[in-house]
Amino acid sequence: MLDIQLLRNNLAQVAERLATRGVTLDTVNFEALEAERKSLQTRTQELQAKRNTLSKQIGILKGKGEDAAGAMAEVAALKAELEAAEVRLPVLLAEMEEIVATIPNLPHESVPVGCDETANVEVLRWGTPRVFDFPVMDHVDIGAGLGLDFETAVKITGSRFALLKGGMARLHRALAQFMLDVHTTEHGYTEVYTPYLVNADSMFGTGQLPKFEEDLFQVIRADGSKLYLIPTAEVPVTNIVRGEIVDAAALPLKFVCHTPCFRSEAGSYGKDTRGMIRQHQFDKVELVQMVMPEKSGESHEALTGHAEAILQKLELPYRKIVLCSGDMGFSAAKTYDLEVWLPAQNTYREISSCSNFEAFQARRMQARFRGDSAVGKPGKPELLHTINGSGLAVGRTLVAVLENGQNADGSVTVPTALRPYMGGIEKLTYA
RNA sequence: GGAGAAGUGGCCGAGUGGUCGAAGGCACUCCCCUGCUAAGGGAGCAUCCGGUGAUAAACUGGAUCAAGGGUUCGAAUCCCUUCUUCUCCGCCA
């Protein structure tokens with residue numbers, strides 16, 4: 001959520017910056033609402049102040065045993081207008097809140113301007129795609145003999161789900177374990193385990209609601225209330241600090257969390273229908289940081305580096321992209337995508353997305369920190385900056401390991417770094 | 001699931017209709033005193049949203065005592081609903 005003050009005082013500039021994302025802000029409507037809000041709120045508070053003063057007088061008079069009829073008559077005269085104002089004001093405020101809640105974040109100055117993914121900028125390429133001396137297979141064909149089973153998943157649930165067996169299931173588990181170990185022991189993250197079902201407040205906090213409800217799976221309870229299946233661990237983990245005032249000395253907070261992620265993938269019919277690339281359920285190891293505002297830029301770079309370290313250790317060629325203004329997610333101020341090389345598609349595919357949200361999520365969540373003189377920031381609570389990124393998407397990493405490590409005989413070479421997690425085996429072979 | 005009890009500021013904890021945003025204590029910040037491992041004195045110290053102002057300082061209004069509704073001129077205090085926590089019983093991995 002943007003700062004309402006920014007909208008009030010710099011509406012034109014905000015609209016201009018939002019335009020680089022392809023978003024049109026209805027400034028005329030906003031200004032009209034704001035004018036009404038200002039006069040109504042001022043009037044309401046004026047009436048409330050009168051009522052409070054008179055009520056206090058009544059108390060004093062009655063305490064002294066004197067007649068309070070005059071003051072009570074005065075209050076009665078205010079009543080009708082005050083009640084009307086107290087009904088209208090919250091409606092108006094809610095209406096404005098609703099508008100502000102659906103405005104995306106402003107792009108950071110360093111973000112390239114552009115309207116779609118063609119304007120994204122590659123900033124780094126790591127590793128060299130392997131040259132194969134046999135026809136490459138995609139992960140579906142490689143996995144068919146190794147325990148990757150889509151037909152049975154369709155029977156159990158439906159399309160866009162997968163069943164993993166034997167070495168394939170172990171490889172999947174090994175990848176998650178490996179990532180967690182690297183991030184906790186080498187990058188200083190604290191591992192957390194969270195609920196996979198969250199309430200609407202949590203979804204609002206990270207920006208999935210109110211705009212993107214159709215992307216979420218919902219669970220309706222007997223009493224009619226509902227919970228949402230998390231689309232990413234970002235939601236429960238970031239909401240750890242919702243409504244909190246964190247001690248500045250405790251910053252930065254760095255969490256790593258392995259969870260399944262559930263996405264309805266509404267509107268993506270026909271896209272990546274084959275294989276494990278786009279599933280309704282997939283595992284991800286997520287990195288989340290809460291930091292002081294002036295640190296968020298460098299922390300974002302560092303966090304992206306932590307995700308890159310996994311790809312490097314697994315010897316998977318990748319490239320790093322900075323998303324342009326028009327291609328970023330709703331809450332992000334700046335985003336790097338990491339794309340891994342998939343030989344069967346002869347291209348790089350997204351495997352991680354690392355974003356700096358600045359105060360956008362923190363403002364929705366009222367997640368703050370209190371400075372102290374030890375860190376040179378005494379005084380008032382201040383909004384945190386939040387950063388997160390995949391470190392990495394486990395399912396897509398599995399795909400990358402299978403495709404990049406495939407051999408002519410249908411076996412798959414296990415990356416060296418992963419072997420301790422695979423009982424030391426060097427190759428996955430048909431069992 | 002059943003029966004009871006409770007939810008107050010960063011923490012502990014008073015407060016059962018009026019001058020209470022809220023005593024007292026702890027923690028924290030500043031000042032003074034003292035001087036050696038610890039103590040004494042004084043002051044300050046909630047958050048959110050408004051108004052005037054320079055998106056400053058300052059002044060000022062409103063809201064907030066789990067959340068939402070209600071009664072009342074006036075609610076932390078009374079009533080209703082919900083949530084959470086604790087104790088006992090039941091059930092369960």
Side-chain angles (χ1 to χ4, degrees), chain A residues 1-14 17 33-101 106 193 195-202 204-205 221-227 239 241-251 293 359 362-384:
Chain A
M1 201 155 63
L2 297 179
D3 186 356
I4 187 97
Q5 300 292 353
L6 192 67
L7 288 161
R8 284 177 188 150
N9 301 320
N10 300 70
L11 190 61
Q13 289 94 315
V14 170
R17 288 176 70 187
L33 287 170
E34 168 58 14
E36 192 189 347
R37 181 234 113 220
K38 190 164 176 173
S39 68
L40 181 57
Q41 183 162 13
T42 309
R43 181 62 181 156
T44 306
Q45 293 190 354
E46 196 181 304
L47 292 168
Q48 286 170 330
K50 273 188 194 161
R51 180 204 58 200
N52 290 348
T53 312
L54 288 167
S55 290
K56 203 167 267 188
Q57 276 175 24
I58 292 167
I60 293 168
L61 288 171
K62 287 199 168 177
K64 288 194 260 183
E66 289 173 24
D67 177 33
M72 288 181 75
E74 270 190 73
V75 176
L78 301 176
K79 199 171 178 171
E81 190 187 350
L82 180 56
E83 275 182 359
E86 282 184 334
V87 168
R88 241 169 73 218
L89 183 60
V91 173
L92 183 61
L93 290 176
E95 198 181 326
M96 294 188 74
E97 182 93 23
E98 215 178 296
I99 292 171
V100 177
L106 299 178
Y193 170 83
Y196 300 157
L197 287 164
V198 302
N199 58 36
D201 285 344
S202 294
F204 180 85
R221 290 196 279 190
D223 66 359
S225 67
K226 64 182 167 188
L227 294 172
N239 275 279
V241 294
R242 171 154 56 85
E244 301 291 325
I245 299 176
V246 180
D247 199 347
L251 299 177
R363 188 171 292 109
R364 295 168 86 89
M365 294 190 296
Q366 276 304 301
R368 294 164 295 170
F369 70 95
R370 190 188 301 278
D372 60 49
S373 30
V375 292
K377 298 191 90 178
K380 302 205 75 175
E382 202 178 327
L383 292 170
L384 289 162

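The analysis underlying the following values was restricted to heavy atoms, covering all of them including side chains, and did not include hydrogens, waters or symmetry mates. Lettering follows sequence order; numbering is per chain, from 1. These numbers come from a predicted model, not from an experiment.
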Considering only the [atom1] atoms, how many Å lie between [N] and [M], rounded to the nearest integer?
| N | M | atom1 | answer |
| --- | --- | --- | --- |
| rC83(B) | rC26(B) | P | 39 Å |
| rU81(B) | rA63(B) | C1' | 22 Å |
| rA56(B) | rG51(B) | P | 12 Å |
| rA46(B) | rG9(B) | P | 14 Å |
| rG53(B) | rA14(B) | P | 46 Å |
| rC86(B) | rG25(B) | P | 31 Å |
| rG21(B) | rA66(B) | P | 16 Å |
| rU77(B) | rG70(B) | C1' | 15 Å |

Minimum-distance nucleotide to Q48(A) side chain [options: rC73(B), rG62(B), rG50(B)]: rG62(B)
Candidates rG74(B), rG51(B), rG61(B) - which lies nearest the side chain of T42(A): rG51(B)
To the nearest Å, give me how far apart [atom1] ([X]) and [atom2] ([N]) are.
| X | N | atom1 | atom2 | result |
| --- | --- | --- | --- | --- |
| I4(A) | rC49(B) | CD1 | P | 10 Å |
| E86(A) | rG70(B) | CD | C1' | 14 Å |
| K56(A) | rG17(B) | NZ | C1' | 15 Å |
| I245(A) | rC28(B) | CD1 | P | 18 Å |
| L7(A) | rC49(B) | CG | P | 14 Å |
| Q45(A) | rU64(B) | CD | C1' | 13 Å |

Residues L78(A), E74(A); criterion side-chain contact (heavy atoms from CB on, under 4.5 Å); working and verdict: CA-CA 7 Å; L78(A) 301 176; E74(A) 270 190 73; over 6 Å; no
Using purine N1 to pyrimidine N3 plus N6-O4 or O6-N4 for Watson-Crick, or N1-O2 and O6-N3 for G-U wobble, both under 3.5 Å, which nucleotide pairs with [N]?
| N | answer |
| --- | --- |
| rC33(B) | none |
| rG44(B) | rC28(B) |
| rU81(B) | rA67(B) |
| rU52(B) | rA58(B) |

Donor-acceptor pair under 3.5 Å, N10(A) side chain vs rU55(B) base: yes
Side chain to side chain, E36(A) and R88(A), heavy atoms closer than 4.5 Å: yes
